[in-house]
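Notes follow the structure.
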Amino acid sequence: MKKHWMKLLLAVAVTMIGASFAVANPPQASGAKPATLAAAAQTATDLVDLNSATADQLKALPGIGDAYSAKIIAGRPYRVKTDRVRKKIIPQVTYDKIKDLVVAKQPKS
């Protein structure tokens, strides 16, 4: 009889520990990474325009510092945002980090 109560007590303890772990660490609803959700929620008004951004706005982008921001400004105007890689202003790795954060708007004629 004592073994029966010990097994029951052990089962209750394991269930309680499992339940508390599940409450403390809830699964993400969509399974997507937070960074992906943030990028998807970004609107066109949040994009940095390569043809009009200030040096400070460019330096706020990941992988862009003083040197790259100066090169980007010196290489203006850009027809498309991939011109920076084609003109060898920034490397492909840096472009891959910021491609979803920038746009190359054309001036209205």
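Values reported hereafter were calculated over all heavy atoms of this structure, with side chains retained and with hydrogens, waters and symmetry mates removed.
Within the 3.5 Å criterion, the main-chain N or O of K105 finds a donor-acceptor partner in the side chain of D49. Although no hydrogens or angles enter the test, the distance criterion places no donor-acceptor pair under 3.5 Å between the side chain of N51 and the main chain of P77.
Using a 4.5 Å heavy-atom threshold, the side chains of L58 and L50 count as touching. At least one side-chain heavy atom of I64 sits under 4.5 Å from a side-chain heavy atom of T94. Side-chain atoms of V48 and I98, non-hydrogen and from C-beta on, never get closer than 4.5 Å to each other.
Here the closest non-hydrogen pair linking V85 and P91 is CG2-O, 4.5 Å. The nearest pair of heavy atoms linking K87 to G75 is NZ-O, 3.6 Å. Scanning all heavy atoms of the two residues, the minimum distance from K59 to S69 falls at CG-OG, 3.7 Å. Residues K81 and K99 share a closest heavy-atom pair of NZ-O, 2.5 Å.
From I73, atom CD1 reaches atom OG1 of T54 across 7.0 Å, with rounding to the nearest 0.5 Å. Rounding to the nearest 0.5 angstrom, the gap separating the CG atom in D83 from the CD1 atom in I72 is 12.0 Å.
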Check against side chain to side chain contact (heavy atoms under 4.5 Å, CB included), R84 and V102
CA-CA 11 Å; R84 292 165 303 143; V102 296; 3.6 Å; yes
